[in-house]
Amino acid sequence: MDVAKNIKRIREKKGMSQKELITAVGLGAPMYSRIETGKAEPSLTTLEKIAKALNVKLSDFFDNDANLEDVNSYDSDLVDKIKMIEILNEEEKKTVFSIVDAFIGKKKLKDALNNVLTEVNS
C-alpha cells in the first residue's frame, strides 16, 4: 500500500492542484510535498484533513487498485480497522487519532534516541 501515491492519484483525479489542497488542509507546501512524495509519513489527523479536503473516505488512501494482490492479512486487517473508524462520530475519531498519533510519536522518538545511542557507541 502506498498512501502517498494514492493521495496524489486522488488529488489529480479530483482536478485539484497541490496549492488548492495545501490551502484547504492548512499545511505548509514543503511538508505537503514531502507527504505526497512519500518522504514523510503524515499523522492520522493530517490524513483525515486531507481526506476531508478531497471529499473522500480515509480508507481510500489505503485501497490498492491492483485488486489487493500485494495486501497480506495484516494489511487487510488494518484497512478493515480504518474503515471502522469512519463510522465513529467526530469526537471519537479525534480520540482515536490522538492516541495513534501519540504512539507514532513515541515510536519515532524511541527510534531517534536509539540512532543517537548507536552513533555515540560507534
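Note that this is a predicted model, so its numbers are computed, not measured. Every heavy atom of this structure was used, including side-chain atoms; hydrogens, water molecules and symmetry mates were not.
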Which pairs would a plain distance check flag for residues 44-51, meaning a side-chain donor or acceptor within less than 3.5 Å of a matching protein atom at least two apart in sequence or in another chain?
residue : atom : partner : partner atom : Å
T45     : OG1  : D101    : OD2          : 2.7
T46     : OG1  : S43     : OG           : 3.1

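- Here the side chain of R34 pairs no donor or acceptor atom with the backbone of A40 at under 3.5 angstrom.
- Between the side chain of E36 and the main chain of K5, no donor-acceptor pair closer than 3.5 Å is present.
- Of all the heavy atoms in I87 and M84, the pair that sits closest is CG1-O, 2.9 Å.
- One distance of note links NZ of K8 with CZ of R11; it measures 7.0 Å at 0.5 Å rounding.
- V96 and I99 fall into different hydrophobic clusters, where Ile, Leu, Val, Met, Phe, Trp and Tyr are joined by side-chain heavy atoms under 4.5 Å apart, directly or via other members.
- Between the side chains of S33 and Q18, no donor-acceptor pair of N or O atoms lies under 3.5 Å.
- A salt bridge does not link E41 with K108: none of the charged nitrogens is closer than 4.0 Å to a carboxylate oxygen.
- Nearest heavy-atom pair across L54 and M16 is CD2-SD, 3.8 Å.
- Within the structure, salt bridge (charged side-chain N to carboxylate O under 4.0 Å, His left out) contacts touching residues 13-24 (residues at least two apart or in different chains) do not occur.
- Panel note: side chain N55, backbone K52; no donor-acceptor pair is recorded below 3.5 Å.
- The distance from atom OH of Y32 to atom CD1 of I22, rounded to the nearest 0.5 Å, is 7.0 Å.
- Side-chain contact between E92 and N89: present, with at least one pair of heavy atoms (C-beta onward) separated by less than 4.5 Å.
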Kindly indicate, with the supporting measurements, whether the criterion side-chain contact (heavy atoms from CB on, under 4.5 Å) is fulfilled by D2 and F61. CA-CA 8 Å; D2 194 337; F61 296 144; over 6 Å; no
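- Under the 3.5 Å distance criterion, the side-chain polar atoms of D60 are left unmatched by any main-chain donor or acceptor of V56.
- Linking ILVMFWY side-chain heavy atoms closer than 4.5 Å, directly or via other members, places I104 and L27 in a single hydrophobic cluster.
- Between E90 and K93 there is a salt bridge, since at least one side-chain N of the basic residue sits less than 4.0 Å from a carboxylate O of the acidic one.
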